[in-house]
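Take a look at the structure set out below.
The chain is numbered in sequence order, starting from 1.
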Amino acid sequence: MRRRPLVLILFILSAVLIVIVQCTQIQSKDVRGEAYAGSATCVKCHQDISSNYAHNAHFKTSKDLMADSGTTAHGRYLDSLNLPGDEFVFNPGTRVGIEKRNGSLYQVAYVNGKEVKAERTDIIFGSGHRAYTFGFWYGNQMMQMPLNYLTKEHQWVNSPGFPDDQIYFGRPVISRCLECHSSYIEKQPQPADQLNVEEQFVKGSMISGIDCERCHGPAADHVSFHLDNPEEKRPSHMIKYKDLPLSRRVDMCGLCHSGTQVQANGSKFGFEPGDTLLSIPQYNTYNGGKLDVHGNQMQLLKESPCFIIGKADCISCHDIHEKQPASLAIYANKCMSCHQADSHPKLPGKEGALLKQNCIDCHMPQQNSTAIGFQKSNSKEKIPYQVRTHRIAVYKDLVR
């Protein structure tokens with residue numbers, strides 16, 4: 001009989017310990033600093049949004065396999081991508097094999113039938129909507145692998161900009177790439193007497209994908225306030241993206257969707273909602289030349305009459321928390337909120353109903369990128385990289 005109170009006390013202490021551990025996990029220290037709460041904290045109150053966002057291309061734009069526990073975790077994730085083993089042939093004596101070894105995916109260089117280099121996939125870039133790019137750790141440097149995988153074409157191709165006649169493992173993935181394909185990574189201090197040292201990173205510090213606080217700003221104060229005031233439903237210490245002025249909303253997206261034409265001397269990781277691109281040190285934007293559909297979405301949108309008259313910006317068409325819609329009719333319906341199908345000069349009457357299903361292909365057509373293309377195996381032929389232009393306009397070559 002005397003043991004029951006002791007058992008009860010132990011049970012209560014165990015329950016309290018579990019709660020403490022769970023709270024500690026939810027409010028774990030973020031590598032970006034005390035102002036950040038970490039995305040795991042957001043899930044506690046925003047479960048539906050978090051669940052939907054897990055399927056969004058922004059969230060899936062990078063994956064650090066080294067952050068998973070062991071090669072079994074690597075294998076599970078890689079298997080879920082359905083990446084086939086294969087080989088890429090440069091010439092009869094030079095090829096790259098894509099091989100699974102010990103649950104991980106390797107790219108293996110062969111010269112005259114002899115293996116000369118093998119690297120394990122440690123990082124994956126891209127949501128897989130069009131392609132995947134792969135990286136590996138070389139010491140504390142992040143390097144890009146020779147081959148990309150095109151998901152729609154179901155084939156391995158030579159990475160854009162790589163030599164078309166030899167295997168190349170020597171391109172570093174620099175912080176400029178990671179500033180738009182991740183939410184943060186910590187750089188190793190560079191010795192003052194070694195100015196030409198390639199960038200090196202702290203392994204395990206990468207926050208994969210675009211997380212909540214990358215777009216909504218540091219959230220530690222927001223979380224603390226609402227944990228202390230659970231009855232308060234209006235968001236405090238948080239800037240709502242939709243409440244920003246038009247120019248600041250577009251700048252938030254344009255930080256990454258402007259291609260290489262937005263250059264900055266400082267890191268883009270510190271950019272927060274409400275900031276302007278003009279606040280970035282040594283900011284440069286488009287100043288002439290041909291805009292490319294690969295990367296220059298902000299500049300192309302700004303040339304669109306719908307944007308110029310203030311009727312459309314990024315979130316007019318894109319739900320940034322949802323998976324990309326499979327049907328163009330969903331986008332067409334957004335157009336129909338301002339445009340009447342039966343008033344179309346080229347498709348009057350019954351034909352105007354076609355617009356309710358797809359007005360996108362005519363007014364935002366797929367175009368070939370002039371910036372990148374993909375080389376096919378055992379060939380000098382390039383596969384064009386097609387991207388839908390964000391310049392909403394009348395394209396005369398598409399008019400019937």
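When the salt bridge (charged side-chain N to carboxylate O under 4.0 Å, His left out) test is applied to Lys242, no partner is found at least two apart in sequence or on another chain. With sequence neighbours excluded, no residue satisfies ring pair (Phe, Tyr, Trp, His ring centres under 6.0 Å) with Phe307. Phe88 pairs by the ring pair (Phe, Tyr, Trp, His ring centres under 6.0 Å) definition with Phe90, not counting sequence neighbours. With sequence neighbours excluded, no residue satisfies ring pair (Phe, Tyr, Trp, His ring centres under 6.0 Å) with Tyr106.
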Only pairs under 3.5 Å count here: list side-chain donor-acceptor contacts from residues 132-144, not counting sequence neighbours, and write none if there are none.
residue : atom : partner : partner atom : Å
Thr133  : OG1  : Asn148  : ND2          : 3.0
Gln144  : OE1  : Arg171  : NH1          : 3.4

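Counted by atom type alone, His294 and Asp292 present zero donor-acceptor pairs between their side chains at under 3.5 Å. Under 3.5 Å, the side chains of Asn52 and Glu322 contain a donor-acceptor pair of N or O atoms. Looking only at atom types and distance, the side chain of Asp64 has no donor-acceptor partner in the side chain of Ser208 under 3.5 Å away. A side-chain N or O of Asn91 and one of Thr94 form a donor-acceptor pair less than 3.5 Å apart. A donor and an acceptor atom, one from each side chain of Ser51 and Asp48, are nowhere located under 3.5 Å apart.
Across every non-hydrogen atom of Leu65 and Thr121, the tightest pair is CD1-O, 3.5 Å. Here the shortest heavy-atom pairing between His154 and Tyr149 reads CA-OH, 3.3 Å. The heavy-atom pair separating Lys268 from Leu255 by the smallest distance is NZ-O, 3.4 Å. What you find for Thr61 and Cys180 is that their closest heavy atoms are CG2-O, 4.4 Å. Of all non-hydrogen atoms in Cys335 and Ile360, the two that sit nearest each other are SG-CD1, 4.0 Å. Considering every non-hydrogen atom in both Cys215 and Pro273, the closest pair reads O-CG, 2.8 Å.
Taken together through direct or relayed side-chain contacts under 4.5 Å among Ile, Leu, Val, Met, Phe, Trp and Tyr, Tyr53 and Val43 form parts of separate hydrophobic clusters. Linking Ile, Leu, Val, Met, Phe, Trp and Tyr whenever their side-chain heavy atoms come within less than 4.5 Å puts Ile315 and Leu277 in one cluster. Under the 4.5 Å side-chain heavy-atom criterion for grouping Ile, Leu, Val, Met, Phe, Trp and Tyr, Phe125 is not connected to Ile210 through any hydrophobic cluster. Cluster membership for Tyr331 and Leu301, using ILVMFWY side-chain heavy atoms within less than 4.5 angstrom, is shared. Transitive grouping of hydrophobic side chains (ILVMFWY, heavy atoms separated by less than 4.5 Å) keeps Ile124 and Phe59 in distinct clusters.
A 6.0 Å sphere centred on NZ of Lys117 holds more than 12 heavy atoms belonging to other residues, nucleotides or ligands. Surrounding NZ of Lys152 are more than 12 heavy atoms belonging to other residues, nucleotides or ligands, all under 6.0 Å away.
Counting only heavy atoms from C-beta outward, the side chains of Trp156 and Pro84 approach each other to under 4.5 Å. For the pair Gln299/Leu291, a side-chain contact is recorded, criterion being any heavy-atom separation below 4.5 Å from C-beta on. Under the 4.5 Å side-chain criterion, counting only non-hydrogen atoms from C-beta, Arg388 is not in contact with Leu300.
Panel note: side chain Arg95, backbone Ser377; no donor-acceptor pair is recorded below 3.5 Å. The main-chain N or O of Val293 is never found under 3.5 Å from a side-chain atom of Gln367 such that the two would form a donor-acceptor pair. Put simply, the side chain of Asp243 never gets that close to the backbone of Lys240: no donor and acceptor are under 3.5 Å apart. Looking only at distances, no side-chain donor or acceptor of Glu198 sits under 3.5 Å from a matching main-chain atom of Pro172. Side chain of Glu232 to main chain of Arg234: a donor-acceptor pair is present (N/O by atom type, distance under 3.5 Å, no hydrogens or angles). For Ser304 (side chain) and Ile392 (main-chain N/O), a donor-acceptor pair under 3.5 Å exists by modelled atom type.
Ring-plane geometry between Phe269 and Tyr184 is classed as tilted, the angle between the planes lying from 30 to 60 degrees on a 0 to 90 degree scale.
The ring-ring contact (aromatic ring centres under 6.0 Å, His included) analysis of residues 226-250, with sequence neighbours excluded, yields the pairs His222-His226, Phe225-His237.
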Run the salt bridge (charged side-chain N to carboxylate O under 4.0 Å, His left out) check on Arg32 and Asp211 step by step: do they pass? CA-CA 12 Å; Arg32 290 168 289 191; Asp211 75 344; 2.7 Å; yes

Passes side-chain contact (heavy atoms from CB on, under 4.5 Å), Tyr168 versus Gln166? Steps please. CA-CA 6 Å; Tyr168 187 58; Gln166 59 181 299; 5.5 Å; no

Show your working on ring-ring contact (aromatic ring centres under 6.0 Å, His included) between Tyr395 and His363 and close with a plain yes or no. CA-CA 7 Å; Tyr395 291 83; His363 296 286; 7.8 Å; no

Step-by-step salt bridge (charged side-chain N to carboxylate O under 4.0 Å, His left out) determination, Arg101 to Glu115: CA-CA 14 Å; Arg101 299 181 178 181; Glu115 179 180 322; 3.0 Å; yes

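Between atom OG of residue Ser104 and atom CZ of residue Arg120 there is a gap of 5.0 Å, rounded to the nearest 0.5 Å.
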